[in-house]
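These numbers come from a predicted model, not from an experiment. Sequence positions, counted from 1, serve as the residue numbers for this chain.
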Amino acid sequence: MAVGTVALGAATLGYAVGVERRRWTLRTAELPVLAAGAKPFTILHISDLHMLPGHLSKQRWVAALDELEPDLVVNTGDNLSHHQAVPSVLRALGPLLDRPGVFIFGSNDYYAPKPKNPARYLMPKGKKKRIHGEHLPWRDLRAAFVEHGWNDLTHVRRTIEVADQYVFTAGVDDAHLHRDRYADIAGPADTGAAVRIGVTHSPEPRVLDEFAGDGYDLVLAGHTHGGQLRVPGYGALVTNCELDRTRARGASRWGAQMWLHVSAGLGTSPYAPARFACPPEASLLNLVPRGTTSANHRNASPRKARNTVR
C-alpha cells in the first residue's frame, strides 16, 4: 500500500512538472458587458507569463495567438522571471504588439522570484513574510510596450478606440504588493463608452469593490494561477490573495452589474514549476451587449496554436 501511494505521488508530480505545465491552452468565454447597440469585439487576456529565456515553446505558442485576430490585448502582469527575459517576452508578444493593447505590471515584473517553501502558500496570510528577489528591468519592458503603442494603465484612466468604438479603461498597480492607489483613478466611469474595463494584477476584493462602485462593467486580473494545483471536483486550494478560491479562474459576477475575469496565466515560479488540473492558459473573451446571451465558457485551441507539450 505504501509503495503504491509513493508511486502514485511520484507519477502525479511527474505529470504536473513534466507535462501539464507546458500544456498550453486557450480558454474562451462570452461576456454580456457591452452597452446596448455596441458592436461585439474580442479581448485576448494574457497574464503571468513568468518568462525565462529558455521558454521557447511558450514563446512560439503565445506568438501564434495573433492568428485569432483579437481586437484588444490585455496583459495583466507578471511577465518576467529573469533579468534577461525582456527579449523573450517581446518575442512571445511580438505580433500582438501591433494590435491595440493595455497593460499593468505585477510583483514578478518588479522583483525576481526567490526559492520559497511551497507550504507557505497554505499558511494563513498573517504568518507569511514577504520575500523580494533582485530588481528586474521592468522599465525596459514598459518602454518597449509603450513604443509599440500599448497603453500603460498604471493609475491611469484612458479612453481608447477598439473596433471603431470607444472603450473606457483604467488600472492600478499590483495590489498584492499594496502598490495600488485607487484614489488616483477614482470617480464614475464614462457612461458614454461601449464598455468600461478595469485592470489589476491581483484581484483583491478591496480593489474590485472600488471598480464596481465606480460603474465598471468588467475587471480583468491574473496572479492566482488558477490555484496552480487544483483538486478535481473541488477546485483551487488557495488563491494567494484575498479572493475566494471559487473565483480563482475564469469569469464570475462581482456585485449586481460587474463581471470579473481571472486568468490562470501561462507560467509558474521557476522554483515551483508544477501545475495540476490547471493547465497554463490564455483567454479569448467575446464581449457582447448586455442581455444578448448568458455567459458561456469552454476550452478551445487556436488555429495553428493548439495545446502542445514540448
What orientation do W138 and F105 show, parallel under 30°, tilted 30 to 60°, or perpendicular over 60°? perpendicular

Under a 3.5 Å distance rule, please check whether D48 uses its side chain to pair with a backbone N or O of L266 as donor and acceptor. no

Can you tell if the side chain of L229 reaches within under 4.5 Å of the side chain of V238, non-hydrogen atoms only? no

Are D244 and T239 close enough that some pair of their side-chain heavy atoms sits under 4.5 Å apart? no

Any luck finding a side-chain donor-acceptor pair between T268 and H225 under 3.5 Å? no

Pick from E204, H201, R206: which one makes a side chain to side chain contact (heavy atoms under 4.5 Å, CB included) with D180? R206

Does the ring of Y234 carry R245 above it, NZ/CZ under 6.0 angstrom from centre and within 45° of its axis? yes

Within the structure provided, determine whether H261 and H45 are in side-chain contact (heavy-atom separation under 4.5 Å). yes

For the pair H83 (side chain) and H135 (backbone), establish whether a donor and an acceptor sit closer than 3.5 Å, ignoring hydrogens and angles. no

Got a second to check how far D71's CG is from E161's CD, nearest 0.5 Å? 11.5 Å

Evaluate side chain to side chain donor-acceptor pair (under 3.5 Å) for S252 paired with R247, printing each intermediate quantity in order. CA-CA 7 Å; S252 62; R247 302 174 189 265; 3.1 Å; yes

Are the side chains of I46 and L96 in contact, using a 4.5 Å heavy-atom criterion? yes

Are side-chain N/O atoms of S57 and R60 paired as donor and acceptor at under 3.5 Å? no

Hydrogens and angles aside, do D174 and Y110 bring a side-chain donor and acceptor to less than 3.5 Å of each other? no

Does any N or O in the side chain of D152 come within less than 3.5 Å of the main-chain N or O of T154, such that one atom is a donor and the other an acceptor? yes

Is the distance between the ring centroids of Y166 and F168 under 6.0 Å? no

S263 side chain to S47 side chain, donor-acceptor N/O pair below 3.5 angstrom: no

Relative to each other, are the rings of Y182 and F211 parallel, tilted or perpendicular (30° and 60° limits)? perpendicular

Is a donor from one side chain sitting under 3.5 angstrom from an acceptor on the other, for W254 and D209? yes

No-hydrogen, no-angle side-chain donor-acceptor test under 3.5 Å, Q59 and R91: yes

Contact check, side chains of P270 and P113, non-hydrogen atoms, under 4.5 Å: yes

Going by heavy atoms in the side chains, are L97 and F145 under 4.5 Å from each other? yes

Quick check for you: to the nearest 0.5 Å, what is the distance between N286 atom CG and L31 atom CG? 8.5 Å

Non-hydrogen atoms of F276 and P232 that approach each other most closely: CE2-CD, 4.1 Å

Counting C-beta onward and ignoring hydrogens, is there a side-chain heavy-atom pair between C278 and Q228 closer than 4.5 Å? no

